[in-house]
Amino acid sequence: MQELLEKIIKDCQPYTEEGRLANYIPELAKANKNALGICVMSDEGRTFCVGDYAVGFTMQSVVKPLILLLALLDKGVEQVCSLVGVEATGKPFDAFNYSDQALTGAHINPMVNTGAIALCTLINGATYEEKFERLLSLAKRMTGNPNLSLDTSVYLSEKATGHKNRALAYMLKAYGMIHEEVEDVVDLYFRACSIKVDCKDLANIARILADQGVDRKTGERIIEAEYTRYINAIMTTSGMYDGSGEFAFNVGIPAKSGVGGGIMAVVPRRMGIGIYAPALDKKGNSVAGRKALELLSKQLGLSIF
Ligand code: GLN
């Protein structure tokens, strides 16, 4: 495995030149465009790391499965499904893809911004501070990393510029789908997106999702299998936004990308994968990261289809 990963890193390095760093969140444009790291963890926790696997980056949309998970843990499937749907949008992650006449849960997907922002309102906590602390502690449990923290510079950078997300939240409020103060809700969302991780952290979350919620290393059940099925299914249809169909076809595993350059990929019952390569394609997916997953999937026969 180690040898295979070394080869994949070498073959994919040129692809880091093809993408562009996200710059609509100014702080993200400071990343090293040529970075590329991979971590693969087998379900029982055997770990293989190559390249820039230890470089820290912000989760961005990779946190969306965790927001969904916490909403499920706090409020259950019924309440989550009454607020958000499961259909792929086929649109960019920040699209206003709704008709003027109606906006209902069926139009909102938790793997894109509107759905994730809406779900922030289902997280328990007396204050927004407490809601964030609860999300961070779930992230610590899922990554197995007690030192996880917020990247304050990225958080403040998005808070200063994230007006499109504010607009999406106001739209949710206009249609009566959320009732809280927009600034509080988006602040939680911005902080969630700015949780700093590395490839190992993502691989560990993915390993637990791959094993139906059980941490094989300790035998502890971290989450209900019913929730991992929900999350893995929705990552398959929507985790790479409007690139999800092509990704299903060529790579064939549930995965979630983020504009920080991370991809978390779940190979059910086999392994969790964390990738970092911050240069993105036009849809906001890591170019070299996507290519590395494709090579890995083809070499090891990982496609679930
Ligand atoms: N924080 C980013 C945003 O809301 C996350 C988007 C992404 O990673 N695709 O714009």
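Remember, it's 1-based here, ligands and their atoms both numbered in the order they're listed. Excluded from the calculations below are hydrogen atoms, water molecules and symmetry mates; all remaining heavy atoms, backbone and side chain alike, are included.
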Heavy atom of Tyr241 under 4.0 Å from ligand 1? yes
Examine ligand 1 and decide if any of its atoms is less than 4.0 Å from a heavy atom belonging to Asn165. yes
Got a salt bridge between Arg134 and Glu130, using NZ or NE/NH1/NH2 to carboxylate O under 4.0 Å?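 No, no charged N to carboxylate O under 4.0 Å.
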How far does CD1 of Ile273 sit from SG of Cys199, to the nearest 0.5 angstrom?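 Output value for this atom pair is 11.0 Å.
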Do we see a donor-acceptor contact under 3.5 Å between the side chains of Glu17 and Asn34?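 Yes - a donor-acceptor pair under 3.5 Å links their side chains.
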Checking side-chain polar atoms at under 3.5 Å, does Thr58 have a donor or acceptor matched by the opposite partner on Asp151? no
Can you list the atoms of ligand 1 that are under 4.0 Å from a heavy atom of [X]?
X      : value
Phe93  : 6 (C), 9 (N), 10 (O)
Asn113 : 3 (C), 4 (O), 10 (O)
Gly258 : 8 (O)
Tyr24  : 2 (C), 3 (C), 6 (C), 10 (O)

Does Arg270 use its side chain to pair, donor to acceptor, with the backbone of Leu302 at less than 3.5 Å? no
Taking the side chain from Ser297 and the backbone from Leu293, do they hold a donor-acceptor pair closer than 3.5 Å? no
Under 3.5 Å, N or O to N or O, is Glu158 touching ligand 1 that way?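 Glu158 vs ligand 1: N/O contact under 3.5 Å present.
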Heteroatom distance test (Lys64, ligand 1): nitrogen or oxygen, under 3.5 angstrom: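 No, no N or O pair falls under 3.5 Å.
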Report the part of [X] (side chain from C-beta onward, or backbone N, CA, C, O) that has a heavy atom under 4.0 Å from ligand 1; answer both or neither where that applies.
X      : value
Lys164 : neither
Ser61  : both
Val62  : neither
Phe190 : neither

Considering heavy atoms of the protein only, find what lies nearest to atom 4 (O) of ligand 1 and give residue, atom and distance to 0.1 Å.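 Looking only at protein heavy atoms, the one closest to atom 4 (O) of ligand 1 is Tyr189 OH, 2.6 Å.
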Less than 4.5 Å apart, side chain to side chain, heavy atoms only: is that true for Arg207 and Asp215? yes
Geometric class of the Phe57/Tyr276 ring pair [parallel <30°, tilted 30-60°, perpendicular >60°]: parallel
